[in-house]
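Heads up: the structure comes next, in structure tokens.
Note on naming: letters A, B, ... go to the chains in the order of the sequence lines (proteins, then strands), and numbering restarts at 1 for each one.
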Amino acid sequence: MAQKPSIPKGTRDFNSETVAKRNYIFDTIKSQFQVYGFQPIETPSFENSETLMGKYGDEGDRLIFKILNSGDYLSKVDNRFYLDKDSNKLTPHISEKALRYDLTVPFARYVVQHQNEIEFPFKRYQIQPVWRADRPQKGRFREFYQCDADVIGSTSLFQEVEFIQLYDAVFSALNLKGTTIKINNRKILSGIAEVIGAQDKLIDFTVALDKLDKIGEEKVKEEMFGKGISQEGIDKLQPLFTLSGDFGSQIESLKSILSISEVGIKGIEELEFINKAISSLELKTAKLQLDVTLARGLNYYTGAIFEVSAPEGVNIGSIGGGGRYDDLTGIFGLKNMSGVGISFGLDRIYLVLEELNLFPESVKENTKVLFINFGEEEAMSSLKAVTALRNEGIKAELYPDWITSGKQMKKQMNYANKREIPFVVLVGEEELKSNSFTLKNMASGEQEAVSLNELISKLK
RNA sequence: GUGGUUGUAGCUCAGUUGGUUAGAGCGCUGGUUUGUGGUACCAGAUGUCGUGGGUUCGAGUCCCAUCUUCCACCCCA
């Protein structure tokens, strides 16, 4: 009995047009990565569980796909774990491998493992799929690609500056104008938490603050209060909610709010440096915006935090993110390695380009000319011409089956039409005699008799 | 993981308080046209109503489970 075929939730098949469009985005990102001096690496699709587990918080652990051990794995499990029926405790005993959840942690592992072969600062890019056991939504899948570029081994703020330029370069190359690169600094968030006396609740505080544009000021305050932040502290946040103006004036306001916080002041200085550099270098199509509510969930960020939003009017959320992490490799035993990196969300960029109709016509790498097959002798002659065209790099093909009746001609023309092949060549009895080719333009319907050389020059 | 939503022809969707043989548009196949596709006209075929149970004389329609889709949380690209 034939079963209805299907693919797992949150995964997708891609048809050739979609692949072409995705490759266009990949190629654009990749070429900019290379222009900026990044080198490609690849890591396995699955890692040892202990490499991944515990690196993304409890929520992250839940979203990691675990791979069941091979063999009779259950019989080896101690009854203590088995009879408890506690999945979290049992999992490590039946699964010691897991699918890659992001590219940053495997990168950190790579750096530590290969530290003696690497020249620091190490600039790498990586474009590979990652997997999350999340519940899918629009623009969110269980299998998707990340496109990451990171530098490790330098604390220079010029790296942050270059990453902002890189974002701008990629989105400009994709002709996606009007993106906003939002920037914040974890040190500023720490400073604010310090000022309001909530250093110990930094994560709760930032998670709540991050929701400001989504749920509004009052709800944010409620959530903070609910998490145990004092009313007095929340009152001190008031200037933050009314923060406005350009980059410079926001900085000035922050200076007065954070004047008593050493770490806060440090964060402000970093932002000022970056903003000054970017102002002087100028961006092509993106704009840089300070957003003190930008938090991002990952707890390993320590300095700058980036997030890119699509142009106004496209409701898709962020299309990229990143930041600086001072001690990413520390968890694998390599201390004092500061890194900073950014990521591009391919699937979301795809949706945005689709919505704004920004894919160039040329992404469809279609066959340029189809030769109609009239019979064995004609086909042989056609195939010689097809070979000559292919040698010139022209995408050409011969319809494989012969004409056996007039209907077949229609079928072959129809095939060319459906595949949007722009030219058709007819080589029948007449053309064989006169040693010529009838070239037909499918869009205009015009046709003419040409020689092989003319055919090549017209299709080139 | 929580709450909701969706599934009928290849595609987009109708389908009444449960009632005979489940419809439309587009697409598809054939013909008008045996060396000419895309336009026009004519004809034709669409299907285990997501899957599995249940209620009923009778289920596309009601109930339960499950899968899938999309959405809001959570989190995130």
Quiz item: When you compare rU61(B) with rC75(B), how far apart are their P atoms, in angstrom units rounded to a whole number?
Solution: 39 Å
Quiz item: At under 4.0 Å between heavy atoms, what does Gly445(A) touch on the DNA or RNA strands: base, sugar-phosphate, or nothing?
Solution: base
Quiz item: What nucleic acid atoms does Gln408(A) come within less than 4.0 Å of, heavy atoms only: base, sugar-phosphate, or nothing?
Solution: nothing
Quiz item: Between Glu47(A) and Arg100(A), is there a side-chain N and carboxylate O pair less than 4.0 Å apart?
Solution: no
Exercise. Please work out if Ser318(A) contacts a base, only the sugar-phosphate, or nothing of the nucleic acid, heavy-atom cut-off 4.0 Å.
Key: sugar-phosphate
Quiz item: Which nucleotide in the set rG35(B), rA77(B), rC28(B) lies at the smallest distance from any side-chain heavy atom of Lys418(A)?
Solution: rC28(B)
Exercise. Decide, yes or no, whether a salt bridge links Lys221(A) with Glu217(A) under the criterion of side-chain N to carboxylate O below 4.0 Å.
Key: yes
Quiz item: Arg419(A) has an atom CZ; how far is it from atom C1' of rG38(B), in whole Å?
Solution: 16 Å
Practice problem: Would you please say whether a donor-acceptor pair under 3.5 Å links the side chains of Asp291(A) and Thr293(A)? | Solution: yes
Quiz item: Stacking here means centres under 5.5 Å and planes under 30°; does Tyr415(A) stack on rG37(B)?
Solution: no
Quiz prompt | Rounded interatomic separation in angstrom, taking CD1 from Ile181(A) and C1' from rA77(B) | solution = 16 Å
Self-check item: Asn185(A) and Glu270(A) side chains, donor-acceptor separation under 3.5 Å
Solution: yes
Quiz item: Is there a donor on the side chain of Arg135(A) or the base of rU2(B) sitting less than 3.5 Å from an acceptor on the other?
Solution: yes
Self-check item: d(CD, Gln412(A); P, rG35(B)) in whole Å
Solution: 12 Å
Quiz item: What's the CZ-P distance between Phe144(A) and rC75(B), to the nearest Å?
Solution: 16 Å
Quiz item: Looking only at N and O atoms, is any donor in the side chain of Arg132(A) or the base of rC76(B) less than 3.5 Å from an acceptor on the other one?
Solution: no
Quiz item: Of Pro136(A) and Lys410(A), whose nearest nucleotide on RNA chain B comes first from the 5' end?
Solution: Lys410(A)
Quiz prompt | Side-chain-base donor-acceptor pair under 3.5 Å for Asn414(A) and rG37(B) | solution = no
Quiz item: Just how far, in rounded Å, is P of rG35(B) from OH of Tyr399(A)?
Solution: 17 Å
Practice problem: Look at all strands and tell whether Gln447(A) reaches a base, only sugar-phosphate, or nothing, counting heavy atoms closer than 4.0 Å. | Solution: base
Practice problem: Please state the P separation for the pair rA77(B) and rG15(B) - nearest whole angstrom. | Solution: 42 Å
Exercise. Please measure how far the C1' atom in rG7(B) lies from the corresponding atom in rG60(B), and state the result in whole Å.
Key: 11 Å
Quiz item: Between Arg324(A) and Thr302(A), does any side-chain donor sit less than 3.5 Å from a side-chain acceptor?
Solution: no
Quiz prompt | Same-atom distance (C1') from rA14(B) to rC26(B), integer angstrom | solution = 15 Å
Quiz item: Which of parallel (below 30°), tilted (30 to 60°) and perpendicular (above 60°) describes Tyr399(A) and Tyr415(A)?
Solution: perpendicular
Quiz item: Touch check for Phe344(A), heavy atoms < 4.0 angstrom, all strands: base, sugar-phosphate only, or nothing?
Solution: nothing
Quiz prompt | Per Gln146(A) side chain, nearest of listed nucleotides rC75(B), rA77(B), rU36(B) | solution = rA77(B)
Quiz item: Given atom CG of Asp13(A) and atom C1' of rU68(B), what is their separation to the nearest angstrom?
Solution: 14 Å
Practice problem: Would you please classify the geometry between the Tyr110(A) ring and the Phe122(A) ring as parallel, tilted or perpendicular, with 30° and 60° separating the classes? | Solution: parallel
Quiz item: Which nucleotide, rC75(B), rU69(B), rC76(B), lies nearest any side-chain atom of Lys9(A)?
Solution: rU69(B)
Quiz item: Taking the C1' atom of each, how far is rC74(B) from rA22(B), in whole Å?
Solution: 42 Å
Quiz item: Which part of the nucleic acid, if any, lies within contact of Glu143(A), taking any heavy atom under 4.0 Å across all strands shown: a base, the sugar-phosphate backbone alone, or nothing?
Solution: nothing
Quiz item: Nearest-Å distance, CZ (Phe65(A)) to C1' (rG1(B))?
Solution: 14 Å
Practice problem: Assign Lys440(A) to base, sugar-phosphate, or nothing according to its heavy-atom contacts below 4.0 angstrom with the strands shown. | Solution: base
Exercise. Please measure how far the C1' atom in rC67(B) lies from the corresponding atom in rU51(B), and state the result in whole Å.
Key: 7 Å
Quiz item: For the pair made of CZ in Arg140(A) and P in rU68(B), what is the distance, rounded to whole Å?
Solution: 17 Å
Quiz item: Across all strands, who's sitting opposite rC41(B) as a Watson-Crick or G-U wobble pair, both distances under 3.5 Å?
Solution: rG31(B)
Quiz item: P atom, rA9(B) versus rU5(B): distance in rounded Å?
Solution: 22 Å
Exercise. Return the nucleotide paired to rC70(B): Watson-Crick means purine N1 to pyrimidine N3 with N6-O4 or O6-N4, wobble means G-U with N1-O2 and O6-N3, both under 3.5 Å.
Key: rG4(B)
Practice problem: Output yes when Asp134(A) and Arg142(A) qualify as a salt bridge under the 4.0 Å nitrogen-oxygen rule, no when they do not. | Solution: no
Practice problem: Report the base-pairing partner of rA59(B) (Watson-Crick or G-U wobble, both distances below 3.5 angstrom), or none. | Solution: none
Quiz prompt | Selection from rG35(B), rG37(B), rA77(B) that lies nearest to any side-chain heavy atom of Thr438(A) | solution = rG35(B)
Quiz prompt | Comparing Glu431(A) and Ile319(A) on RNA chain B - which has the more 5′ nearest nucleotide | solution = Glu431(A)
Self-check item: Touch class at under 4.0 angstrom, heavy-atom based, for Leu346(A) against every strand present
Solution: nothing
Self-check item: Euclidean distance for C1', rC62(B) against rG1(B) (whole angstrom)
Solution: 31 Å
Practice problem: Pick base, sugar-phosphate or nothing for Gly10(A), based on heavy-atom distances below 4.0 Å to the nucleic acid. | Solution: sugar-phosphate
Quiz prompt | Below 4.0 Å: OP1/OP2 of rA72(B) and any side-chain N or O of Gln137(A) | solution = yes
Self-check item: Strand partner of rG25(B), provided both Watson-Crick or wobble distances fall under 3.5 Å
Solution: rC11(B)
